[in-house]
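Every chain is numbered from 1, with letters handed out A, B, ... down the list of sequences.
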There are 2 protein chains.
Amino acid sequence: MKDVAKLAGVSTSTVSRVISNDSRISNRTKKKVLKIMEELNYYPNTIARSLANNKTDTIGVIMPSYKEDIFINPFFQKVLKGISLIASQHFFDILIVTNHKEESDVDVLRRIIKGKRVDGLILTRSKEEDEGIKFLKENKFPFVLIGSCLEYDDIPSVDNDNEQASYDLTSLLIKKDRKKITFIGGELDSVVMKERYKGYLKALKEHNITFKEDYFIFDRFLEKSGYDLTSRLMELHDNLDAIIVADDLMSLGVLKRLKEGENRVPEDIMLASFNNTILAKYANPSITSIEINSIELGRRACEKLFDMFKEKSRENKEIIDYKIIERESTSLKENIN
Amino acid sequence: MKDVAKLAGVSTSTVSRVISNDSRISNRTKKKVLKIMEELNYYPNTIARSLANNKTDTIGVIMPSYKEDIFINPFFQKVLKGISLIASQHFFDILIVTNHKEESDVDVLRRIIKGKRVDGLILTRSKEEDEGIKFLKENKFPFVLIGSCLEYDDIPSVDNDNEQASYDLTSLLIKKDRKKITFIGGELDSVVMKERYKGYLKALKEHNITFKEDYFIFDRFLEKSGYDLTSRLMELHDNLDAIIVADDLMSLGVLKRLKEGENRVPEDIMLASFNNTILAKYANPSITSIEINSIELGRRACEKLFDMFKEKSRENKEIIDYKIIERESTSLKENIN
DNA sequence: CTGTTAGCGCCTTCAC
DNA sequence: GTGAAGGCGCTAACAG
């Protein structure tokens, strides 16, 4: 910058003003400076700007700490896409934040926000007792949660109505005359699981369908967990007729196990799932799934964050529509094959 | 930091030394300072450190400029996972870099490297004439390419032997007695497509299988393109017996179209694809695909970059193994269904 | 409209 | 071992 200033015969402040497109600058000097910048192939040091402005033009995305798995679930990719779309419109970049070795969730946040690395954060999903969220609130750092938080009701977040979605999905199976409806879930400390469980129970109850403790089992949001839990379910019960699965990726594991056990889907056992990733669409049979609009979740979360920057407040909790996408796994008649 | 220094009764230099774990510092003061830092809930400003050190502890990942699509292909997610694994081991974070509005590929790079936002870059895939790579070379900025570059042979990169893989895949179909083997590709300006095309041609030639100009068609790496191109192929030829597809995601489109046209896979038409994402595994029929070890690609690319930081040089071009995963789409006998 | 000055928060000489 | 001073590259406040 100094060089530019020297060559252009102006001060560094002037150059700085040109860079930030300050209004009160003569068109002539502006052009001159711009030209020199071009010639010198100069581009301002973002880091230095950040330090001076206390602003980074970067938003951070925190992946869940069970990141090994999550990085492979298309859901996160979609969310990221939504975020990226909006961020780039605002000329922001995205910092993917993951736990460094042995770092706790709160450590990560401390590192990022005290280190002033980003202007705001987007969290994907949350646990029931989320220390991280508490930490962010205490530090008054701008963030948006994709998902919900049970402890605080007033945090900016974007979510589906997971309970209702789960209720609908369960009701669908009930309508199809299924009597032994089980539920295979992922990490139970996640809020999303809690809510889906509630919706499931509610639907059973309202329709007077039996619920047994061991109809609901859970492990992790992994394909393998789906497989293993299905094995367990089949040991415990020999006459199930429906399984709801908390995630498409898990569903694939479930499906695999069912096929091995020679259970026909949907004839013997119907299957319904969440997230409607491409996996559900192309599975065989294709899997009925809840479209939660992941891209939209990411998008709105990001927009909300920018609104917060501008202190243009929005409702704190935003609900994104979901939709049941019915497919072969719950359709007896139009079974194409 | 000033506060810490004051409270601890030392100078800021001392605090700074404690932070960077300087050797020549007495254990006593070190402990004292550490304690105060804890009490004050102090954490150093990363940005300021970056400015002073000219080092960001961040690596940038450049997504291909056709990013809209790419963000949805599991391949990139896997690569990202590999990168993330290594980066976090080194206490680095990842900056996802995308084109801001109307920014050219080179603009992005200029912004990032002149802006000193990252210590190094990883590029995913490249075009035949890649201005970006030229720019990075000219500026002597550390980067690793996942993929290959035709113009320069001496750039650090990690790739599969795509030509050989394509050759093998084609040969497999030839061995299965297929005579009219077509190829559906993605963006032709990408190096990976060029190489796969070469391998395909080579195999045909060596086995004296006819090649017709319109056996090879291409558009974009999208599901929809797969679908559309298959339609085209079917209009042009009514007796194909095999299709090679450049990517699993595209394959799904191909498969969809084939089913609609009542073509049996693999009996009438065999299908083979690249990238072996989870999509291929769970498609119906499951699709034979080349496992390119995407996670490993990301991982090694990242390791290579860190090696470059340490000036510990490695071979410039690293080749990652691939493997053909045979599945139903090319297996007549063991057709499970 | 433009230049001067004083930081942003940290690190690195160079003394002691 | 530790402190003082100057600098990383840019911006903001105050002059003029």
Side-chain angles (χ1 to χ4, degrees), chain A residues 1-37 40-58 91 93 110-119 139 141, chain B residues 1-37 40-58 91 93 110-119 139 141:
Chain A
M1 180 156 124
K2 261 190 302 189
D3 302 337
V4 177
K6 205 172 291 172
L7 262 174
V10 296
S11 75
T12 59
S13 339
T14 306
V15 178
S16 171
R17 286 185 186 111
V18 172
I19 290 168
S20 44
N21 220 319
D22 195 307
S23 54
R24 59 208 178 150
I25 200 112
S26 86
N27 239 313
R28 230 169 51 80
T29 44
K30 183 167 162 183
K31 267 189 191 141
K32 188 172 60 186
V33 172
L34 247 22
K35 185 158 157 271
I36 306 274
M37 285 180 18
L40 259 49
N41 196 7
Y42 164 85
Y43 195 93
N45 182 321
T46 316
I47 298 292
R49 296 191 79 184
S50 294
L51 184 59
N53 291 330
N54 201 22
K55 184 169 178 326
T56 61
D57 285 2
T58 305
F91 305 96
D93 288 305
R110 188 186 348 265
R111 175 163 59 82
I112 297 300
I113 77 175
K114 299 274 184 180
K116 307 262 176 147
R117 299 215 47 181
V118 302
D119 297 338
N139 284 274
F141 193 82
Chain B
M1 180 154 124
K2 261 190 303 188
D3 302 337
V4 177
K6 205 172 292 171
L7 261 175
V10 296
S11 74
T12 58
S13 334
T14 307
V15 178
S16 170
R17 286 185 184 111
V18 172
I19 291 169
S20 43
N21 220 320
D22 196 307
S23 53
R24 51 193 190 169
I25 200 110
S26 87
N27 239 313
R28 232 169 50 79
T29 45
K30 183 168 163 182
K31 267 188 191 143
K32 189 171 58 186
V33 172
L34 248 20
K35 185 157 156 270
I36 306 274
M37 284 181 18
L40 259 50
N41 195 9
Y42 165 84
Y43 195 94
N45 182 320
T46 316
I47 298 292
R49 296 192 79 183
S50 294
L51 184 59
N53 292 330
N54 201 21
K55 184 170 177 326
T56 60
D57 284 1
T58 305
F91 304 96
D93 288 305
R110 186 183 353 262
R111 175 164 58 83
I112 296 300
I113 77 175
K114 299 275 185 178
K116 307 262 174 143
R117 300 214 47 180
V118 302
D119 297 339
N139 284 274
F141 193 82

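Counting non-hydrogen atoms under 4.0 angstrom, A/V10 reaches the backbone sugars and phosphates but no base. At the heavy-atom level, B/R24 lies under 4.0 Å from base atoms of the strands shown. Among the atoms of the strands shown, none is found under 4.0 Å from any heavy atom of A/G115. B/T14 comes within 4.0 angstrom of sugar-phosphate atoms only, judged by non-hydrogen atoms across all strands, and of no base. If you check every strand for non-hydrogen atoms under 4.0 Å, B/T29 touches sugar and phosphate atoms only.
A pairwise comparison of heavy atoms in A/Y42 and A/M1 identifies CE1-N, 3.5 Å as the closest pair.
Distance, B/K6 NZ to D/dT2 P: 20 Å, rounded to whole Å. Atom-to-atom, CZ of B/R17 to P of C/dC10 comes out at 15 Å; the value is rounded to the nearest Å. What separates NZ of B/K30 from P of D/dG1 is a distance of 12 Å, to the nearest Å. Rounded to whole angstrom, the span from the CZ atom of B/R117 across to the C1' atom of D/dC8 amounts to 17 Å. Regarding B/D3, its CG atom lies at a distance of 10 Å from the P atom of C/dG9, rounded to whole Å. Spacing between atom CE of A/M1 and atom C1' of C/dC8 amounts to 14 Å, rounded to whole angstrom units. Rounded to an integer number of Å, the gap from A/L51 CG to C/dC11 P is 12 Å. Computed from coordinates, the A/I47 CD1 to C/dC11 P distance equals 14 Å when rounded to whole Å.
Between B/S11 and B/K116, the residue anchored nearer the 5' end of DNA chain D, judged by the nucleotide with its closest heavy atom, is B/S11. Of the residues near DNA chain C, B/A48 and A/T12, the one whose nearest nucleotide (by heavy atom distance) lies more toward the 5' end is A/T12. Heavy-atom nearest nucleotides on DNA chain D were determined for B/A52 and for B/N27, and the one closer to the 5' end corresponds to B/N27.
In this structure, the side chains of B/T12 and B/K2 come closer than 4.5 Å at one or more pairs of heavy atoms. Residues A/K116 and A/L51 are not in side-chain contact: their nearest non-hydrogen atoms beyond the backbone lie 4.5 Å or more apart.
Here A/R17 pairs with nothing under the salt bridge (charged side-chain N to carboxylate O under 4.0 Å, His left out) rule; sequence neighbours left out. Taking the salt bridge (charged side-chain N to carboxylate O under 4.0 Å, His left out) definition, one finds that A/R28 meets it with nothing, sequence neighbours left out.
Neither OP1 nor OP2 of C/dC10 sits under 4.0 Å from any side-chain N or O of B/S50. Phosphate contact (OP1/OP2 of C/dT2, side-chain N/O of A/S26, threshold under 4.0 Å): present. Of the side-chain N and O atoms in B/N53, one or more sit less than 4.0 angstrom from OP1 or OP2 of C/dT12. For the pair A/Y43 and D/dC10, the criterion of a side-chain N or O lying under 4.0 Å from OP1 or OP2 is not met.
Within 6.0 Å of NZ in A/K55 there are more than 12 heavy atoms belonging to other residues, nucleotides or ligands.
Side-chain N/O atoms of A/S16 and base N/O atoms of D/dA12 include no donor-acceptor pair closer than 3.5 Å.
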